[in-house]
Amino acid sequence: MKSNDSFNTVIVGAGFAGMFMLYRLRMLGVSARVYETGSDVGGTWYWNRYPGARCDVESMQYSFSFSEELEQEWEWSEKYSAQPEILSYANHVADRFDLRRDIQFDTRVTSITFDESHNYWTIKTDRGDQVSAQFCVMAVGCLSAANLPDFEGLDEFEGSIYHTGEWPHDEVDFSGLQVGVIGTGSSAIQAIPVIAEQASSLTVFQRTPNYSVPAHNQDLDPDYVKSVKSSYPDLRAKARARPTGFYFEYDTSPALKATAESREQQYEAFWARGGLPFLGAYGDLLFNKEANDTIAEFARKKIRDIVKDSETADLLCPDNVFGCKRLCVDIDYFAVYNQPHVRLIDVSDKPIERFTKKGIIANDIEYEFDSVVCATGFAAMTGSFDKIQITGRDGLTLKEKWRAGPRTYLGLASNGFPNLFMITGPGSPSVLASMIQAIEQHVDWIADCIGHMKDVGASTIEAKVRDENDWVDHVNEVSQVSLRSTCSSWYVGANIPGRPKVFMPYIGGFPIYVDKCNSIMMGGYEGFIMAGSEKPTTPPQVRCTERWHVELDMEVISPAAIAANRVPIV
Ligand code: FAD
Ligand code: NAP
């Protein structure tokens, strides 16, 4: 399809973020076009079709909250729904709100260029489209640029190679095959037990062991679903008041104040509940190394209890900070190593040497495979931005500007790139929050901003350099108080050689962040320059953001701010 159309807004990406942005812009009565590389909606859940893929935030919360009808009519079947069900949900949303008519699929945006004399963006795609728009919204996803390491000899391998984040649409049958898996992050930990059910042999290459907590997944009890649905607004409000943007019971008392015996009981109780809320057993676990050591040792003991071969168990035991890398949630992961056809190869000291025609050489041994699964993650947070030539004022590209690490104001905008918004961009809670909530909050803020600009006849909005610099400093400073900043993880870009090591998401907590966004908006978009109108700072008409009003309970909302004390609380 070729087009020379002009739109109020072009949205890049049709995952949950792009879909909801489109919905909101339609409410404002402005024209919008979405471009999506994939052939359908769903983003993450369209691409990550690997066996075992499912969410790790409970489905009843990992879902949109903007439509009561949608909340009430959709039926989740499991506590942590599997990828096909989440993709069906995305399709249902697209159908219900008739979104597809404004989405152009199978189309990758290749460049976005700002025309300074006319204040509009020109958007080009790999299918020859060239369109213009006053606004661009980057809904490209935080975990959407698959990382396939540059393994030597990859092209020589005669078997099949898969990446978990770009899984084929046709069913992949591993029955009777010798399969290798590279990686032991969340994707691998979900896929390995399921692949092991089919493969004749399964070999896992582990560079860094990971902590993982059992999901204790289950079918949802209809009475539980009914009770959640009868008080959904309460649940959503409680979720928004939490640093993570999702609700679970947790204990804010310090681990080190408890006796060893009561700590053990507490960890057992939280382990029995399972999933990410395990980290909520105490309030200081991510801020005090000594406290963290207690939960780390508990988790290692669990691994040793499960895995019978002590050498394998030792290899599987991480020695870094618990929860420093993104915590994994599994279904029978560690137990898989008790199966005779599953083996673990440690590549921590010596990297995988190369691929050959028949398999992989590691530690001087050639392992033969029919298929290799690369569960090697993503160029997180900025990877999908880097793939687009985004040129702002004075010919500056976003890639150049972000060379030493991403620089944004609130993770929503970047100086030099007027009228370009990011959904869950670096510098916002994004991946540290339940992402659908984070997406909805950003979309609502952007929609109100675009609505306001329409109301007052403004032509551009752009982050001011000073406010952006202050925000970047604040994001960095807050990250230092958390133990999360102390290890190599994709949060800091450390999973891929050559990337700048900067803690990218905002760790100060979702409610503090939301409050900051609200006050900036109500203050007439403080920290932004809005041009082309005589009344840009008139308080905006709040159309969408109202629902993001949060009661700040300092004891609960920001352990980071509290632990820091010296950190300016925004
Ligand atoms: P995405 O879903 O990544 O969508 C971005 C879309 O943009 C993609 O479809 C991509 O094709 C498109 N795109 C990118 N660049 C271009 C371009 N140049 N041109 C056109 N289109 C482009 N988060 C949670 O909160 N809870 C979970 O349980 C959870 N589980 C996850 C499980 C997996 C396996 C993964 C990988 C991530 C998970 N996440 C989870 C994070 C997840 O990414 C978000 O929850 C959410 O789905 C992101 O939605 P999005 O629309 O922002 O981005
Ligand atoms: P990941 O966490 O980055 O894991 C990638 C794995 O590949 C790591 O074990 C990494 O080792 C390894 N690896 C990378 N390059 C390698 C190389 N050259 N040689 C050997 N090993 C290599 O990626 P992911 O598992 O896809 O998960 C990414 C994020 O997506 C998660 O953290 C989570 O936020 C989300 N996700 C969520 C779920 C869920 O449960 N809902 C499931 C999947 C993904 P190192 O650790 O040493 O780098």
Side-chain angles (χ1 to χ4, degrees), residues 11-21 34-38 40-50 52-59 61-62 80-81 83 86 90 104-112 123 125-126 138-151 163-165 181-191 205-210 212 215 244-246 275-276 318 325-330 347-348 351-352 362 374-378 380 383-385 387-388 423-424 430-439 442 487-491 494-497:
I11 302 166
V12 189
F16 287 129
M19 291 164 74
F20 183 45
M21 191 74 244
V34 184
Y35 291 107
E36 166 57 54
T37 309
D40 210 337
V41 297
T44 290
W45 305 101
Y46 170 89
W47 296 105
N48 290 264
R49 296 164 186 249
Y50 61 84
R54 57 179 72 239
C55 56
D56 60 4
V57 168
E58 291 188 23
S59 314
Q61 295 195 57
Y62 187 66
Y80 298 108
S81 292
Q83 174 271 335
I86 305 173
Q104 187 174 313
F105 294 107
D106 300 308
T107 307
R108 190 166 59 81
V109 169
T110 49
S111 74
I112 303 178
I123 297 98
T125 76
D126 65 348
M138 308 305 291
V140 293
C142 297
L143 296 160
S144 54
N147 165 44
L148 183 61
D150 191 14
F151 292 115
H163 190 288
T164 46
V181 174
I182 303 175
T184 49
S186 299
S187 301
I189 279 177
Q190 287 186 330
F205 295 92
Q206 174 184 273
R207 187 164 71 179
T208 316
N210 252 317
S212 185
T244 51
F246 68 103
L276 299 176
K325 281 175 183 275
R326 163 83 178 200
L327 187 58
C328 302
V329 176
D330 71 274
V347 291
S348 59
I352 287 173
C374 293
T376 43
F378 302 88
S384 284
F385 285 92
K387 289 185 176 176
I388 307 171
I423 301 178
T424 64
S430 55
V431 292
L432 296 177
S434 174
M435 283 208 69
I436 297 186
Q437 295 306 294
I439 286 167
H442 263 192
C487 70
S488 302
S489 68
W490 59 256
Y491 292 136
N495 59 327
I496 298 177

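Quantities reported herein were computed from a predicted structural model and do not represent experimental measurements. Both counts, for ligands and for their atoms, begin at 1 and track the order of listing.
Close to ligand 1: Ser434, with a non-hydrogen atom less than 4.0 angstrom away. For Thr107, the closest heavy-atom approach to ligand 1 falls below 4.0 Å. At least one heavy atom of Asp56 sits closer than 4.0 Å to an atom of ligand 1. Not a single heavy atom of Tyr80 sits closer than 4.0 Å to an atom of ligand 1. Put simply, no part of Phe246 is less than 4.0 Å from ligand 1, judged by heavy atoms. Residue contact annotation: Phe16 has a non-hydrogen atom under 4.0 Å from ligand 1.
Of the N and O atoms on the side chains of Thr125 and Thr107, not one donor lies less than 3.5 Å from an acceptor on the other residue. Remark: the Gln437 side chain and the Ser434 side chain contain no N/O donor-acceptor pair separated by less than 3.5 Å.
Ranking the protein heavy atoms by distance from atom 15 (N) of ligand 1 puts Val140 CG1, 3.7 Å first. What sits closest to atom 19 (N) of ligand 1 on the protein, heavy atoms only, is Val109 N, 2.9 Å. Counting only heavy atoms of the protein, atom 49 (O) of ligand 1 lies nearest to Ile439 CD1, 3.6 Å. Of all protein heavy atoms, the one lying nearest to atom 4 (O) of ligand 1 is Gly43 CA, 3.5 Å. From the protein, the heavy atom lying nearest to atom 32 (C) of ligand 1 is Trp45 CH2, 3.4 Å. For atom 25 (O) of ligand 1, the nearest non-hydrogen atom of the protein is Met435 N, 2.8 Å. Regarding atom 17 (C) of ligand 1, its nearest protein heavy-atom neighbour is Val12 CG1, 3.5 Å. Of the protein's non-hydrogen atoms, the one nearest atom 53 (O) of ligand 1 is Gly141 CA, 3.2 Å.
Put simply, the residue from Leu143, Ile496, Thr44 that forms a side chain to side chain contact (heavy atoms under 4.5 Å, CB included) with Phe378 is Leu143.
Ordered by chain and residue number, the residues placing a heavy atom less than 4.0 Å from ligand 2 are Tyr50, Arg54, Cys55, Asp56, Leu143, Pro149, Phe151, Ile182, Gly183, Thr184, Gly185, Ser186, Ser187, Gln190, Arg207, Thr208, Lys325, Arg326, Ala375, Thr376, Gly377, Phe378, Trp490.
Side-chain atoms of Glu36 come within 3.5 Å of backbone atoms of Gly38 as a donor-acceptor pair (strictly under, hydrogens ignored). Under a 3.5 Å cut-off, the side chain of Gln61 and the backbone N or O of Phe246 do not form any donor-acceptor pair. Between the side chain of Asp330 and the main chain of Ile189, no donor-acceptor pair closer than 3.5 Å is present.
Among the atoms of Glu36, some N or O lies under 3.5 angstrom from an N or O of ligand 1. The shortest N or O to N or O distance between Gly18 and ligand 1 is not under 3.5 Å. The shortest N/O to N/O separation between Phe378 and ligand 1 does not fall below 3.5 Å. Close N/O approach between Ala17 and ligand 1 is found [any backbone or side-chain N/O within under 3.5 Å]. Between Trp47 and ligand 1, an N or O atom pair is found at a separation short of 3.5 Å. Annotation: Tyr62 places an N or O atom under 3.5 Å from an N or O atom of ligand 1; distance criterion only.
At a 4.0 Å heavy-atom cut-off, ligand 1 does not touch Val431 at all. At a heavy-atom cutoff of 4.0 Å, ligand 1 is contacted by the side chain of Asn48 but not by its backbone. The part of Tyr50 lying near ligand 1 is the side chain, judged by heavy-atom distances below 4.0 Å. Within the 4.0 Å heavy-atom criterion, neither part of Cys142 lies near ligand 1.
Arg326 and Asp56 are joined by a salt bridge, as a carboxylate oxygen and a charged side-chain nitrogen come within less than 4.0 angstrom of each other.
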Start with the C-alpha gap between Met138 and Ile388, add the side-chain angles, then the distance that decides, and say whether side-chain contact (heavy atoms from CB on, under 4.5 Å) holds. CA-CA 10 Å; Met138 308 305 291; Ile388 307 171; 3.6 Å; yes
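In this structure, the side chains of Tyr491 and Leu432 come closer than 4.5 Å at one or more pairs of heavy atoms.
Scanning Thr37, Ile86, Thr44 for the heavy atom closest to atom 42 (C) of ligand 1 points to Thr44.
Taken from OH in Tyr80 to OH in Tyr62, the straight-line distance is 13.5 Å, to the nearest 0.5 Å.
For Arg49, the salt bridge (Lys or Arg N to Asp or Glu O under 4.0 Å) criterion is met by no residue, not counting sequence neighbours.
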